Amino acid sequence: MADNKKDNVSEAKKENTNYNPQEVESRWYQYWTDKGLFHSEPDGREPFTVVIPPPNVTGVLHMGHVLNETIQDVLVRRARLEGKNACWVPGTDHASIATEAKVIKRLKEQGINKQDLTREEFLKHAWDWTDEHGGIILKQLRKLGCSCDWDRTAFTMDETRSRAVIKVFVDLYKKGLIYKGLRMVNWDPERQTALSDEEVIYHEEHSKFYYLKYRVAESDGMSLPVGEGVYKDEKGYYCVVATTRPETIFGDIAVCINPKEEKNQWLRGKHVVVPGVGREIPIIEDRYVEIGFGTGCLKVTPAHDVNDYALGQTHNLRAIDIFTADAHLNMDTVEEELQANVRKYHGMDRFECRKQIVEDLQAMGLVEKIEDYDNKVGYSERTNVPIEPRLSLQWFLKMQHFADIALPPVMNDEIVFYPAKYKNTYKNWLENIKDWCISRQLWWGHRIPAWYDKALLDEVGAEKYPQEKIVVCEGNPNEGLSEERYVQDEGALDTWFSSWLWPISLFDGIEHPDNKELAYYYPTADLVTGPDIIFFWVARMIMAGYEYTGKMPFKHVYFTGIVRDKLGRKMSKSLGNSPDPLDLIERYGADGVRMGILLSAPAGNDILYDDSLCEQGRNFCNKIWNCFRMLKGLQTADIEAPRTDRETVTWFTLCLCKAEQEVDDLMKKYRLSEALMAVYKLFTDEFSGWYLEMIKPAYGSPIAKKTYDCSMLFFERMLRLLHPFMPFITEELYHALSEREDGDTIMREDRMEWDSTALLAQDTDGGFWQEIEHVKQVVAGVRNIRAQHNISPREEITLISPKPLSELVNKLTHSKVEVGGKRPAMVATFIVGTSEYAVPLNEFIDVEAERKKLEADLAHQEGFLRGVEAKLGNEKFMAHAKPEVVEMERKKQHDALERITAIKARLEALNG
RNA sequence: GGGCGUUUAGCUCAGCUGGUUUAGAGCAUCUGCCCUACAAGCAGAGGGUCCGCGGUUCGAAUCCGUGAACGCCCACCA
């Protein structure tokens, strides 16, 4: 019953006292963009540039973006308030492989196969898809309040960016840094393209180790010894080769042993027969084979393993590629005389074939044993399909040069990483850099500007085509020719080959390196991104930056953590633990969501997201809203402000100045969540909890105009402090606070008069500050007594104080202060600093309980005193410690003694 | 196999070059309150062998060594 009533009252109140963000947010975003407040043009002010890490063009907003973009917006908005010319450039990424996959999937749903389309037809579909689904995410960013300069919205495959990419490719080729070559690359059989090393993700897996019998060729197997490592059965001698990938035996070209390994010496110079295949292959020797691992016999399959390929190179072995591009078995490459043995596997999927071949070999008695084995398998980052090492003709960028120019600036903090620990990761990668495979067998992307002489290509084929006959140029070499003499490379470039130019190409700095925008906006200020793309993107931007502008691309890099659910799991579609940010904004307001995500997000730390964080944000908005309502509702009068108002205003001025400094300091260190927390505490505790209660006039009475004006000023200051974090509610209240001119905004440079010295003049010795801080503690003490003794807040009490107190105490505790008055027997006491206060009680107190409490307190104080005195009595301490430390200990001793005296007196009174 | 990082209240984290009233914050918890700004609120309270062990020091959450647990990155052991 009672509960129901309670709910009803609350429900009824909710109607008109809660802040309602929805309407406010759309209205102000419209206003900001209508007035062009996010747009930037070069001018005389200091620039503050941020380029967005471009989300996939067809992506949708997820919690990771919310974190990332909120941080950027906070930095940008703060810079704007500081009077800098802030420019946050938005855009999207063409995301070559991801987008192409999506387009293929859609085409499939429509019954169309990519293979049946020409490149041009496919690209038309891809652009249609992009136009249809592209940029949704940019619209969603507006809901979050992101203050991007939308006039500058770019796309990594728009004209300017494309020209930059092609120009850079040609330039690097001319510098001899790009080459084409036949290499073992990471092949994604699903998308049928090469990948860079960074796009391969290794997973630990429980797999099997298959021990296969390779029989010694008959010609070699006449009279052999018996001993350790020598295997023999009724059919003759054999060696055992352990492999995790039995399906690759069709490409076996040798078995390798370590020349130092005793037990395999008998195999030297012999030949063995690949089981089930029938190919006779030599035993080769190489120290690469680790002694003691497996059987010491390694099958060499140069076409399907990186190491085997290297072995093949040194031992001059041929490579038999037994897979098609989509990782099905291709037996056409196997020798004709062996076709009968292997034909049945033709066309099988690699994993299906693995099962089959093992079964068949077992039937033939060619499997020695099968063991469980844990190993690492590489997966394609994009398609999540196991990578197939594959020999193919690809384009590479030589990286040593870039590593050389990109390492020093980070190590010596010209470019500062937050948190700094990622410097190690960065260093480690650069010091072990490998060439970057930049070509992809995709259509959606920047097509490689390399051209081949058609006739020559037909004649010699791609693999034999001489490097020096490749034409690399920005234009079309067929231009002006009567016939199509040159054909263009079919490949496209890795997406990151355009992303790495982003901070430069956004300002058209590749094509026009001398342009005034680049000169003004570049280097950019801060880059905010996840540590997962430190190699993909951050490192490479630094490389491109120095290569093409001679300068760093950004001064600071802020690495965010990963957003996880409250159980610490990564957010993923399959787990269904990822909330929809738009839904959250609907429920808590954008400001609430921003605060929620920021509160527990120190740089580089994963954040455990929980709705309750947004709730806290929403509640804070409500708090601000209600403070405003209260202030606005006050009646003012042209009366002199009471002394308590002057004390309070002066005290709060100091609070505010301190908080502003603190926020400033924290922001410089990129400790955003702490900065926000500082503002939160200032607003909630000091302003709402204390200040407003202190200046609140008696019921029905007006407030002094001057006090009111100061309060409004404070409020506006706090709105500004808060604006970068919570842009909507602060703009709303900025306008509600007083009449503003059309086009005015809280975002304009902070020109507010803020002469705190005038206010502080009343308090030259800081006496007010100390007084109020003391008052707060006395008030807390009285409240405590009320709570403990169940005294209603409406009941007036007497407070016996050793010294006169500010009127504020009466006001906030509803008490009558008596200075040094005589104490009745029944009192409750508390100590602030070294002063003891007493509140007479009507009821009988529990003497026993009171004594216990006092005795516990006494024990604590005495323990404390002993610790202090031990130090002061220690000669070495007195000799070594700094004078101010000793002084502090003396003060501690003095205070402790006073408190002990007071407690003892109180105990005696209790007893007596 | 290398490298890096973390370990402080139930949870998320501050605590910088050792000394600031015998360790702080927010959230959560418990108790009492709808008192005309706010119950999405207010007031109060409880809660910690600062991962273990050893060392340096007058003094250690803080510095050094060592062990453990967890996390991340890199690496070709088939």
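Bear in mind the structure is a predicted one, so any value in this text is a computation, not a measurement. Per chain, numbering begins at 1; letters A, B, ... match sequence-line order.
Among the atoms of the strands shown, base atoms are found under 4.0 Å from some heavy atom of Val289(A). Using a 4.0 Å heavy-atom criterion, one finds that Arg618(A) contacts the bases of the nucleic acid, with or without backbone contacts as well. In this structure, Tyr422(A) reaches neither bases nor backbone, as no heavy-atom distance under 4.0 Å exists between it and the strands shown. Nucleic acid contact class of Gln861(A) (heavy atoms, under 4.0 Å, all strands): none. Residue-level contact check: Leu298(A) touches the bases, meaning some heavy atom is under 4.0 Å from a base atom. As judged by a 4.0 angstrom heavy-atom cut-off over every strand, Ala780(A) is placed among residues touching the sugar-phosphate backbone only. Using a 4.0 Å heavy-atom cutoff across all strands shown, Asp895(A) reaches at least one base atom of the nucleic acid. Tyr211(A) comes within 4.0 angstrom of nothing in the nucleic acid, heavy atoms only. Counting non-hydrogen atoms under 4.0 angstrom, Lys891(A) reaches a base of the nucleic acid. Looking at heavy-atom distances under 4.0 Å, Ser688(A) makes contact with a base. At the heavy-atom level, Arg245(A) lies nowhere under 4.0 Å from the strands shown. Heavy atoms of Lys376(A) sit under 4.0 angstrom from at least one base atom.
Distances from the side chain of Asn874(A) to the nucleotides rC58(B), rA78(B), rG44(B) place rC58(B) closest. Closest to the side chain of Phe535(A), out of rA78(B), rG44(B), rC73(B), is rC73(B). Distance from the side chain of Asn375(A) is smallest to rA78(B) among rA37(B), rC58(B), rA78(B). Between rA14(B), rA75(B), rG44(B), one nucleotide has an atom nearer to the side chain of Glu674(A) than all others, and that is rA14(B). Of the candidates rA14(B), rC38(B), rC58(B), the closest approach to any side-chain atom of Phe877(A) belongs to rC58(B). Side chain of Lys434(A), nearest nucleotide from rC4(B), rC13(B), rA75(B): rA75(B). Across rA78(B), rG44(B), rA37(B), the shortest atom-to-atom separation from the side chain of Asn784(A) is found for rG44(B). For Asn18(A), whose side chain is taken as the heavy atoms from C-beta onward, the closest listed nucleotide among rA40(B), rG26(B), rC38(B) is rA40(B). When each of rU21(B), rC38(B), rG19(B) is scored by its nearest atom to the side-chain atoms of Lys892(A), the top-ranked nucleotide is rU21(B). Checking rC34(B), rG41(B), rC74(B) against the side-chain heavy atoms of Asn619(A) singles out rG41(B) as nearest.
The ring of His880(A) lies on top of the base of rC58(B), close enough and flat enough: under 5.5 Å between centres, under 30° between planes. Between Phe864(A) and rU21(B), no base-stacking contact is recorded for ring centres under 5.5 Å apart and planes less than 30° from parallel.
Atoms NZ (Lys421(A)) and P (rC72(B)) sit 11 Å apart, rounded to a whole Å. If you take NZ of Lys669(A) and P of rA14(B), they are 13 Å apart, rounded to a whole angstrom. In this structure, CG of Asn424(A) is placed 11 Å from P of rU6(B), rounded to the nearest angstrom. The distance between atom CE of Met630(A) and atom P of rC38(B), rounded to the nearest whole Å, is 10 Å. Taking atom CD of residue Glu204(A) and atom P of nucleotide rC72(B), one finds them 13 Å apart after rounding to whole Å.
The shortest non-hydrogen separation linking Pro386(A) to Val377(A) is CB-CG1, 4.3 Å.
Neither OP1 nor OP2 of rA25(B) sits under 4.0 Å from any side-chain N or O of Tyr680(A). Listed pair Lys623(A) / rC42(B) meets the phosphate criterion, a side-chain N or O lying under 4.0 Å from OP1 or OP2. The phosphate of rA40(B) (OP1 or OP2) has no side-chain N or O of Arg587(A) nearer than 4.0 angstrom. Proximity of Asn790(A) to the phosphate of rG32(B): no side-chain N or O atom is located under 4.0 Å from OP1 or OP2. Between Asn605(A) and rC13(B) there is a side-chain polar atom (N or O) within less than 4.0 angstrom of OP1 or OP2.
With respect to the salt-bridge test (charged N to carboxylate O, under 4.0 angstrom), the residues Asp895(A) and Arg899(A) do not qualify. Ion pairing between Asp305(A) and Arg245(A) fails under the 4.0 Å rule for side-chain N and carboxylate O. Using a 4.0 Å cut-off between charged nitrogen and carboxylate oxygen, Lys776(A) and Glu686(A) count as a salt-bridge pair.
Applying the Watson-Crick and G-U wobble criteria (two distances, each under 3.5 Å), rG48(B) pairs with nothing in any strand. Pairing for rC58(B) goes to rG19(B), judged as Watson-Crick or G-U wobble with the two contacts each under 3.5 Å. Base-pair partner of rA75(B): not found among the strands shown (Watson-Crick or G-U wobble, both distances under 3.5 Å). The base-pairing partner of rG32(B), taking Watson-Crick or G-U wobble contacts with both distances under 3.5 Å, is rC42(B). Nucleotide rU6(B) forms a Watson-Crick or G-U wobble pair with rA69(B), both donor-acceptor distances falling under 3.5 Å.
The same atom, P, is picked in rC42(B) and in rC35(B); the two are 16 Å apart, to the nearest Å. Only the P atoms considered, rC11(B) is 13 Å distant from rG48(B), to the nearest whole Å. Atom C1' of rU36(B) sits at a distance of 13 Å from the matching atom of rG41(B), rounded to the whole Å. Comparing the P positions of rC38(B) and rC30(B) gives an interatomic distance of 25 Å, to the nearest angstrom. Separation of the C1' atoms belonging to rA68(B) and rC58(B) is 32 Å when rounded to the nearest angstrom. When the P atom is compared between rG15(B) and rG19(B), the two are found 13 Å apart, to the nearest whole Å. Atom name P, nucleotides rU8(B) and rA14(B): the rounded distance is 10 Å, in whole Å. Nucleotides rU62(B) and rC53(B), compared at atom P, are 12 Å apart to the nearest Å.
Counting only heavy atoms from C-beta outward, the side chains of Ile357(A) and Phe250(A) approach each other to under 4.5 Å.
Along RNA chain B, the nucleotide closest to Phe687(A) and the one closest to Ala787(A) are compared, and the more 5′ of them pairs with Phe687(A). Both Gly781(A) and Phe628(A) lie near RNA chain B, and the one whose nearest nucleotide falls closer to the 5' end is Phe628(A).
One N or O on the side chain of Arg594(A) and one on the backbone of Phe725(A) form a donor-acceptor pair closer than 3.5 Å.
Remark: aromatic rings of Phe683(A) and Phe715(A) are close, center separation under 6.0 Å.
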Please walk me through it: do Leu692(A) and Leu631(A) pass side chain to side chain contact (heavy atoms under 4.5 Å, CB included)? CA-CA 8 Å; Leu692(A) 288 181; Leu631(A) 270 178; 4.1 Å; yes
Check against salt bridge (charged side-chain N to carboxylate O under 4.0 Å, His left out), Lys681(A) and Asp685(A): CA-CA 5 Å; Lys681(A) 283 200 269 192; Asp685(A) 299 344; over 6 Å; no
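Aromatic ring pairs are classed by plane angle as parallel below 30°, tilted from 30° to 60° and perpendicular above 60°; the pair Phe293(A) and Tyr373(A) is perpendicular.
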